[in-house]
Colleague: 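Have a look at this one.
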Amino acid sequence: MRRLVAVTVAAFAAAGLLAGCGEDRNWAKNCSTTENLVVECAVADRPQVSGVTGELLDGGSYDIADEAGKVVVVNFWGSWCAPCRAEADDLEKTYQATKAKEVSFIGVNSRDDRDAAINFERGRVTYPSIFDFDAKVALQFDVSQVSTPATLILDRQGRIAVAIRRATTLGELQPLVEKVAAEDPPTTPPTTLNRTEG
């Protein structure tokens, strides 16, 4: 078990060196990092995420382009990870509390047995997860600040606004998600007024 955790951490560390969502791969240096391993980025310093696709645990497919205009919460997890087990309920509660605000959640499951991952999720969370055994999907994110577990909050323009580099809680995560969601409310098409010439 310890070896598996070490391999996973090493995989994400390597991913951090290889990832290139933005030109500056060490994007967090421009952001505010707390002692609690929470990175918050001002709008001008947020790296863009795009082109993230993958196969879902249930066999469907995921494309981050389908989330355009939404806040997207990305959680990196594994069924072998005890802190992931501890935070799962808090993630689900945050998802339920914020989804009406055009917030979407997606898990990224790495270095795991598919059946074990499915069994882990059953009864814990209702949002989907990408099956990413080889951490190839993780490489599509800028994961220089990510381990397992970790959570990213992307703003409505698909930029990383917050990175939590450890397990999180409802009391921490929900206010951060709501803060990002409130920055730029969902837009609706402009109403066309019918004018009568008189």
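Index from 1, following the sequence. We use all heavy atoms of the structure for the numbers below, so side chains are in, but hydrogens, waters and symmetry mates are not. This structure is a prediction, so every number in the text was calculated from the model and none was measured.
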Colleague: Treating Ile, Leu, Val, Met, Phe, Trp and Tyr as nodes and any side-chain heavy-atom pair under 4.5 angstrom as an edge, say whether V49 and F76 lie in one connected cluster.
Modeller: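 Cluster IDs for V49 and F76 match.
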Colleague: Hey, is NZ on K93 packed in by over 12 heavy atoms from elsewhere, all under 6.0 Å?
Modeller: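 Not more than 12 within 6.0 Å, no.
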Colleague: List the steps, then state whether side chain to side chain contact (heavy atoms under 4.5 Å, CB included) holds for L91 with T151.
Modeller: CA-CA 10 Å; L91 288 160; T151 302; 4.3 Å; yes
Colleague: Run the side chain to side chain donor-acceptor pair (under 3.5 Å) test on T126 and E92 for me, step by step, so that the C-alpha distance in whole Å, both residues' side-chain angles and the decisive distance to 0.1 Å come before the verdict.
Modeller: CA-CA 7 Å; T126 58; E92 176 65 16; 2.8 Å; yes
Colleague: Under 3.5 Å, side chain of R166 to main-chain N/O of N36, donor-acceptor pair present?
Modeller: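 A pair under 3.5 Å: yes.
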Colleague: Would you compute the distance between atom CG of D58 and atom CG of L56 and round it to the nearest 0.5 angstrom?
Modeller: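 The CG atom of L56 is 5.0 Å from CG of D58, to the nearest 0.5 Å.
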Colleague: One pair to check against side chain to side chain contact (heavy atoms under 4.5 Å, CB included): T94 and F105. What are the steps and the verdict?
Modeller: CA-CA 9 Å; T94 304; F105 274 54; 3.8 Å; yes
Colleague: Any link between I106 and W77 through a network of hydrophobic side chains (Ile, Leu, Val, Met, Phe, Trp, Tyr) touching at under 4.5 Å?
Modeller: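 Each belongs to a different hydrophobic cluster.
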Colleague: Any donor and acceptor pair, going by atom type alone, linking the side chain of D113 with main-chain N or O of D115 inside 3.5 Å?
Modeller: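 Flag set: sc D113 to bb D115 pair under 3.5 Å.
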Colleague: Can you confirm whether the side chains of N75 and E87 place a donor and an acceptor under 3.5 Å from each other?
Modeller: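 The criterion, which ignores hydrogens and geometry beyond distance, is satisfied for E87 and N75.
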Colleague: To the nearest 0.5 Å, how far apart are CG in N109 and CZ in R114?
Modeller: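 Going from the CG atom of N109 to the CZ atom of R114 covers 9.0 Å.
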Colleague: Between E183 and R159, is there a side-chain N and carboxylate O pair less than 4.0 Å apart?
Modeller: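 Result for this pair is no, no salt bridge flagged.
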Colleague: For a 4.5 angstrom cut-off between non-hydrogen side-chain atoms, does L173 reach I164?
Modeller: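 They are in contact (side-chain heavy atoms under 4.5 Å apart), so the answer is yes.
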Colleague: Is there a side-chain contact between C41 and V39 (heavy atoms, below 4.5 Å)?
Modeller: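 Counting from C-beta outward, C41 and V39 do come under 4.5 Å.
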Colleague: Looking at G51 and I64, what are the two nearest heavy atoms and their distance?
Modeller: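 Answer, listing the atom of G51 first, then I64: N-CG2, 4.1 Å.
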Colleague: Considering only NZ, NE, NH1 and NH2 on the basic side and carboxylate oxygens on the acidic side, decide whether R156 and E102 come within less than 4.0 Å.
Modeller: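 Looking at E102 together with R156, the answer is no, because their closest N to O distance does not fall below 4.0 Å.
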Colleague: For a 4.5 angstrom cut-off between non-hydrogen side-chain atoms, does V108 reach V74?
Modeller: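 They are in contact (side-chain heavy atoms under 4.5 Å apart), so the answer is yes.
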Colleague: Just by modelled atom types, is the A161 backbone N or O under 3.5 Å from a matching donor or acceptor in the R46 side chain?
Modeller: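 Not at all, since once roles are kept as given, no pair shorter than 3.5 Å links the two residues.
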Colleague: To the nearest 0.5 Å, what is the distance between NZ (K99) and NZ (K70)?
Modeller: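 The distance works out to 11.0 Å.
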Colleague: Between CG of L57 and CZ of F120, what distance do you get to the nearest 0.5 Å?
Modeller: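 Result: 11.0 Å between the selected atoms.
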Colleague: Whether the side chain of T98 engages the backbone of K101 through a donor-acceptor N/O pair (distance < 3.5 Å, no angle test) should be reported.
Modeller: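 Side chain of T98 to backbone of K101: no pair is present.
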Colleague: Which value, rounded to the nearest 0.5 Å, describes the distance between Y62 atom OH and D132 atom CG?
Modeller: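 Answer for the OH-CG pair, Y62 versus D132, is 13.0 Å.
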Colleague: Test your reading of the model: is there a side-chain donor-acceptor pair from Q157 to the backbone of Q48, 3.5 Å cut-off?
Modeller: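 Judged by distance alone, no pair lies under 3.5 Å.
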Colleague: Measuring from atom CZ of R124 to atom CG of N119, what distance do you get when rounded to the nearest 0.5 angstrom?
Modeller: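 Answer for the CZ-CG pair, R124 versus N119, is 9.5 Å.
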Colleague: Has W80 got a side-chain atom pairing as donor or acceptor with R111's backbone, closer than 3.5 angstrom?
Modeller: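 Between the backbone of R111 and the side chain of W80 there is a qualifying donor-acceptor contact (under 3.5 Å).
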